[in-house]
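Data first, discussion second: the structure below is written as C-alpha cells.
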Amino acid sequence: MDKFLIRGGNVLNGSVRISGAKNAVLPLLAATILTDEPITITNVPNLKDVNTLIKLIAGLGVTISYEGDTVKVDTSTLQNQFAPYELVKTMRASILVLGPLLARYGQAKVSLPGGCAIGSRPVDQHLKAMEALGAEIEVEAGYVHAKVNGRLKGGEVVFDMVTVGGTENILMAAVLADGITTIRNAAREPEITDLVNMLNKMGAKITGIDTDTLVVTGVEQLHGCEHAVVADRIETGSYLAAAAITGGKVRTTHTDPDLMEAVLDKFEEMGAEVTRGDDWIELDMLGKRPKAVSFRTLPHPEFPTDMQAQLMAVNAIGRGFATVSETIFENRFMHVPELCRMGANIQVEGNDAVITGVEKLQGAPVMATDLRASFSLVIAALAAEGETVVDRIYHIDRGYENIVTKLQALGADIQRIKGE
Ligand code: UD1
C-alpha cells in the first residue's frame with residue numbers, strides 16, 4: 001500500500017489549478033446511459049472513482065474512451081443492465097446507474113453499495129423515489145432488482161432527508177418518465193445543478209434549478225451533447241485550507257467562488273484575507289496563526305460535510321477553541337484520533353467535537369480513514385514539526401487529482417512511497 005512521507009514546516013505559496021468535480025462527473029457519466037447518441041464530457045479529473053464508474057459502464061457494453069481530460073461515451077452498444085457487487089462495493093456512487101437504466105430500459109439489477117466507513121449510508125430514499133414513479137423494486141441477495149412495464153410515470157417525490165445521490169438518481173429516472181415529476185426537499189449542491197444543466201442540454205425539461213423543488217416534465221427521448229464538468233469546490237477548499245494551516249498564500253484557479261461562500265466565510269473568520277475573481281480564489285493567511293472557528297455541517301448552501309475534516313485540522317492549530325458539529329453523517333470524526341496522535345487537543349461527544357487549538361502539531365505515523373479525512377491528515381502534517389507518514393492513501397487517490405505534484409508546486413515537502 002502506498003504512503004505519503006511529509007516533512008512539515010514549509011509555508012505554502014503559489015497557484016494551483018483546480019480539477020473538475022469528482023462528485024459532479026460521477027452522475028454526469030451515469031446520465032450518458034439515458035441516450036443512445038454520443039456524449040462528450042470534458043474537464044474530467046483522473047481519479048480512481050472516475051475509473052471505477054467508467055469500468056462499470058463499460059461492463060454494460062457501452063463504448064467509452066478516456067483520453068486526457070475527455071471522456072467520450074457511445075451507449076448504442078449497451079447490452080445489459082447489470083451492475084455487479086465487485087464494482088459497486090468499492091464506490092457507493094455506482095448506485096447512480098439505477099435511475100438511468102430503469103428509465104431507458106425498464107429494468108436494472110444493481111448491487112447494494114456496501115456499508116461505508118463514514119456511516120451506514122442506506123439507499124432507501126433512492127428506492128422509495130423510484131417506486132413513486134411506478135417502479136417495482138425487490139431487494140434480494142444483496143441486489144436491487146428494479147423493473148417497470150413500459151415507461152416510468154411522473155409522480156410526487158418527497159425525500160425524508162436531503163440526499164444528494166437520491167436527488168440525482170430520481171432526476172435521471174424522471175427525465176424519461178411519462179408526465180410531470182415534482183421532487184421536494186431536493187438537494188441543491190452545485191453538482192446537482194451541473195447534472196441538471198447537462199440533462200437540459202440533452203433535451204430534458206427540468207425547472208426549479210438551485211431550489212429544493214425540482215419539476216421535471218418527462219420527454220420520450222434525449223440526445224447527445226458536450227459538457228464540461230463544474231470545478232471541484234471541495235478540492236478548492238482543501239488547498240485553501242492547506243494555505244491557512246501553514247500561514248501561506250495560495251491562489252486556486254479554474255474554480256468558482258460562488259459555489260462555496262459558507263467555506264470562504266469561515267476562512268475570513270479565521271483571519272485570512274480571501275480575494276475572489278471570476279474563476280479564482282486566493283487565500284492569504286498573512287503568516288498568522290488562524291483563529292479557531294466553530295461551524296455545523298448542513299446541506300448546501302450551508303457548510304459542507306466534505307470540508308469538515310480539513311477545517312478541523314486548521315482548527316487544531318488555531319488560536320482559542322471551537323465546536324464542530326457534524327449533522328450529515330453519524331461517524332465522520334475518524335480523523336480525530338489521528339490528529340490527536342499528532343498532538344491535537346480534540347474532545348468528541350456524539351456528533352460534536354470541541355477543539356482547543358495547540359501552537360504546534362508533531363509529526364507521527366497516521367492512517368487515512370476516508371477521502372476527506374486523508375486530506376486533513378496531509379495538511380496537518382504540512383504544518384507539523386518533523387516527519388509524518390500517512391498510511392492507506394488509496395482513499396485520497398479516489399478524489400484528489402495529482403495531489404503530490406500540486407502540493408509540491410506550492411512548496412510542500414511530500415513524497416509518495418510506493419508499497420507492495
Ligand atoms: C454525496 C457526496 C459526498 C457528500 C454527501 C453529502 C457524491 C459522489 N458524494 O454522497 O461526498 O459527503 O453527498 O453532501 O456526490 N441517506 C439515507 N438514505 C438514502 C440516502 C441518504 O439515509 O437513501 C442519508 C445518508 O446516510 C447520509 C445523508 O442521508 O446520512 C446524506 O447522504 P447523501 O446526500 O445521499 O450522500 P451521498 O449522495 O452518498
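Atoms within a ligand are numbered from 1 in the order they appear, just like the ligands themselves.
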Glu401 side chain vs Asp397 backbone, donor-acceptor pair below 3.5 Å: no

- prompt: Just one of Arg92, Lys22, Lys55 clears the salt bridge (charged side-chain N to carboxylate O under 4.0 Å, His left out) bar with Asp49, so which one?
  reply: Lys22

- prompt: For Arg92, is at least one N or O under 3.5 Å away from an N or O on ligand 1?
  reply: yes

Atoms in ligand 1 with a heavy atom of Gly165 nearer than 4.0 Å: 35 (O), 38 (O)

- prompt: Any idea which atoms of ligand 1 are less than 4.0 Å away from a heavy-atom of Ile328?
  reply: 27 (C), 28 (C), 30 (O), 31 (C)

task: Run the numbers for me: atoms of ligand 1, each under 4.0 Å from some heavy atom of His126, listed by number.
output: 23 (O)

query: Which residues pass the side-chain contact (heavy atoms from CB on, under 4.5 Å) test with Pro337, sequence neighbours left out?
result: none

- prompt: To the nearest 0.5 Å, what is the distance between CG (Leu112) and CD (Glu140)?
  reply: 11.5 Å

- prompt: Does the N or O separation between Glu330 and ligand 1 drop below 3.5 Å for any pair?
  reply: no

- line: One finds that the ligand 1 atoms under 4.0 Å from a non-hydrogen atom of Gln125 are 18 (N), 19 (C), 23 (O)

- request: Could you say whether the N/O atoms of Pro122 and ligand 1 ever approach to under 3.5 Å?
  value: yes

Sub-4.0 Å heavy-atom approach of Arg332 to ligand 1: yes

query: Is Lys266 positioned over the aromatic face of Phe295, cation under 6.0 angstrom from the ring centre and no more than 45 degrees off axis?
result: no

- request: Within a distance under 4.0 Å of any heavy atom of Val123, pick out the atoms of ligand 1 and give their elements.
  value: 19 (C), 23 (O)

query: When you measure from atom 29 (O) of ligand 1 to each heavy atom in Glu168, Glu191, Glu326, Met161, which option holds the nearest one?
result: Met161

message: For Met367, is there any backbone N or O sitting under 3.5 Å from a side-chain donor or acceptor partner on Glu338?
response: yes

query: Taking only residues two or more places apart in sequence or in another chain, which ones pass side-chain contact (heavy atoms from CB on, under 4.5 Å) with Asp36?
result: Thr75, Ser76, Arg104

task: Using a strict 4.0 Å threshold on nitrogen-to-oxygen distance, state whether Arg188 and Asp212 make a salt bridge.
output: no

- request: Could you name the option among Thr327, Asp306, Ile234 that has the heavy atom nearest to atom 4 (C) of ligand 1?
  value: Asp306

- prompt: Between Arg276 and Asp256, does at least one N-O distance fall below 4.0 Å, as a salt bridge requires?
  reply: no

- request: Go through ligand 1 atom by atom and flag the ones less than 4.0 Å from a non-hydrogen atom of Val164.
  value: 1 (C), 13 (O), 14 (O), 33 (P), 34 (O), 35 (O), 38 (O)

query: Which atoms from ligand 1 have a heavy atom of Thr305 less than 4.0 Å away?
result: 6 (C), 12 (O), 14 (O)

